[in-house]
Amino acid sequence: MVQNNATCWRGFVFLGFSSFGDLQLLLFVLFLSLYLVTITSNVFIIIVIRLDSHLHTPMYLFLSFLSFSETCYTLGIIPRMLSGLVMGGQAISFMGCATQMFFSASWACTNCFLLSVMGFDRYVAICAPLHYASRMNPTLCAQLVGTSFLSGYLFGLGMTVVIFRLSFCSSHEIQHFFCDTPPVLSLACGDTRLSELGILILSLLVLLVSFFLITISYAYILVAILRIPSAEGRRKAFSTCASHLTVVVIHYGCASFMYLRPKASYSLERDQLIAVTYTVATPLLNPIVYSLRNRAVQSALKNAFRGSLLGKGGK
C-alpha cells in the first residue's frame, strides 16, 4: 500500500506558518528560545534525578522517563518546524512523513500512559503509605514503564498504518508544521470514513482509558485526603498531587480537542495554534510545573549547582 501511495505522490510539503508573513522571524526566535529551554530543563531534570540518591524513588523515576519521552517528542518535531520558519515550505518524503507520524504519535501515547502510572504512584503513596515501598518495588516500576513505552509504540504504529493505507493524490501541501494525523488525513482522496473511525477508536482507547485510570486513582486519593483530620495534613497531601493534576489537565485538554472530534470540525489554522501548545508549551511545563516547584528537586538542583561551583573553585 505504501508503494502505491509513493507512485501517486512522492512526498509532501509543509506550509507551516507561511501565512504569518514577516512574523515568521519573530516566531522563530520565540520557538527557538522555548525549544532550548525545554530541552535543557528536561535533560537537566533527568541528570539530576540520576545523580542524586535522594531522588531514587518511584515518583522521580517515572518523572525522569516522562522528561525523556517529552524530550524525544520535541526533538522529532520542533527542529524541522524551526527550519521551516527560516527557509519556508519544506518537502518531506512519503516515508519520512510516516516515520515522523509514527514517532510523534508513539511518544504522545507514551506520555498519556506515563501520566496514568504517575497517578497510580500517587494513589499508593497517599492511600497506602506504609506499604508504598513494598508495593512500588523496582520490578513493578520497570514493568509499568516498559508497558507504557510498548503500548505507546503499538498505538503509534496503529495510527500510522490507519492513515498511510490511504491514497494521497489530490494535494501534497500540509497546512501544518509536522505530520500530525488531522492535517495529513485531510489530504487523503477517496472515502476516508473508515480511517477516521479507526483514528477515533485508537484515540479513545489511549485518552479515555488512561484518563479513566487517573480519575479512579484520584477518586481514592480524594477520599483518603478527606479522612485526614488536620487541615495542614490535607494541604500537604494535596500539594503532592497538584503539579501532576496541572500537567494532566493541560495535556488531556489539548489532546482531546485535537483527536476526539470528526474530520468535518477541523480548522487547520486554529489546530496549528493548538498544536503549538502541546508540542512546545506542554513539554516545557513538565520540568517547570512538576519538578521545579518540588522541594526535593529544588534541593537537588541547589546541590548540583553548589557541587559545580566547588569543582570550578578547586581547579
Side-chain angles (χ1 to χ4, degrees), residues 34-78 103-104 106-126 132-153 156 210 213-214 217 239-252 278-308:
L34 291 174
Y35 172 67
L36 293 176
V37 173
T38 299
I39 294 295
T40 303
S41 55
N42 274 295
V43 171
F44 198 63
I45 288 299
I46 295 172
I47 294 174
V48 168
I49 292 175
R50 176 68 177 174
L51 296 180
D52 195 315
S53 59
H54 296 94
L55 301 180
H56 292 177
T57 64
M59 174 182 172
Y60 297 108
L61 171 71
F62 300 140
L63 177 58
S64 66
F65 277 106
L66 181 63
S67 291
F68 173 75
S69 180
E70 293 279 24
T71 300
C72 293
Y73 179 75
T74 305
L75 286 172
I77 296 175
I78 306 303
F103 282 109
S104 61
S106 297
W107 293 119
C109 293
T110 299
N111 291 342
C112 290
F113 295 127
L114 285 174
L115 286 172
S116 298
V117 169
M118 295 168 79
F120 174 72
D121 173 75
R122 292 298 83 206
Y123 154 73
V124 178
I126 293 176
Y132 180 74
S134 60
R135 291 185 180 180
M136 299 303 294
N137 57 75
T139 301
L140 178 61
C141 291
Q143 292 173 345
L144 290 172
V145 170
T147 301
S148 297
F149 278 85
L150 179 60
S151 300
Y153 289 139
S210 58
L213 294 175
I214 293 174
S217 296
S239 66
T240 64
C241 306
S243 297
H244 178 251
L245 279 174
T246 302
V247 174
V248 165
V249 169
I250 296 174
H251 180 89
Y252 281 90
Y278 67 78
T279 56
V280 179
T282 303
L284 180 60
L285 289 176
N286 177 38
I288 291 180
V289 174
Y290 202 96
S291 303
L292 300 183
R293 292 180 59 190
N294 184 286
R295 291 183 180 179
V297 176
Q298 289 178 353
S299 177
L301 291 173
K302 290 178 181 178
N303 291 335
F305 281 120
R306 189 178 298 113
S308 176

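Computed from a predicted model, the values in this text were never measured in an experiment.
- Here the CG-CG distance, from Asp121 to Leu140, works out to 10.0 Å after rounding to the nearest 0.5 Å.
- Between Val117 and Val145, the closest side-chain pair of non-hydrogen atoms is not below 4.5 Å.
- Counting only heavy atoms from C-beta outward, the side chains of Cys72 and Phe103 never approach each other to under 4.5 Å.
- Closest heavy-atom contact between Ile214 and Ser116: CG1-CA, 3.6 Å.
- Rounding to the nearest 0.5 Å places CG of Leu245 at 11.5 Å from CZ of Arg122.
- When all heavy atoms of Asn42 and Thr71 are compared, the closest pair comes out as CB-OG1, 3.3 Å.
- Here the CG atom belonging to Leu55 is positioned 11.5 Å from the CG atom belonging to Leu61, to the nearest 0.5 angstrom.
- Not one N or O on the side chain of His56 forms a donor-acceptor pair closer than 3.5 Å with the backbone of Leu51.
- Distance check, rounded to the nearest 0.5 Å: OG of Ser104 to CD1 of Ile77 gives 5.0 Å.
- Ser64 and Ile46 make their closest contact through O-CG1, 3.7 Å (heavy atoms, listed as atom of the first residue, atom of the second, distance).
- Residues Cys241 and Ile126 form a side-chain contact, since some pair of their non-hydrogen atoms from C-beta on lies under 4.5 Å apart.
- Counting only distance, with no hydrogens or angles, the side chain of Tyr252 and the backbone of Cys112 share a donor-acceptor pair below 3.5 Å.
- Using modelled atom types, one side-chain atom of Ser41 and one backbone atom of Thr38 make a donor-acceptor pair closer than 3.5 Å.
- With Thr40 contributing its side chain and Val37 its backbone, the two residues share no donor-acceptor pair below 3.5 Å.
- Between the side chains of Tyr73 and Thr110, no donor-acceptor pair of N or O atoms lies under 3.5 Å.
- Proximity of Phe68 to Phe149: side-chain heavy atoms (C-beta onward) are separated by under 4.5 Å at one or more points.
- Closest non-hydrogen pair, Tyr123 versus Ser217, comes out as CB-CB, 4.0 Å.
- Phe44 is not listed as a side-chain neighbour of Ser67, based on a closest heavy-atom distance of 4.5 Å or more.
- You'll find the side chain of Met136 reaches within 4.5 Å of the side chain of Leu144, heavy atoms only.
- Inter-residue side-chain proximity for Phe65 and Tyr60 is flagged as unmet; no heavy-atom pair is nearer than 4.5 Å.
- In this structure Arg50 satisfies the side chain to side chain contact (heavy atoms under 4.5 Å, CB included) test with no other residue, sequence neighbours excluded.
- Annotation: the span from Asn137 atom CG to Gln143 atom CD amounts to 8.0 Å, rounded to 0.5 Å.
- Here the CD atom belonging to Glu70 is positioned 12.5 Å from the CD1 atom belonging to Ile45, to the nearest 0.5 angstrom.
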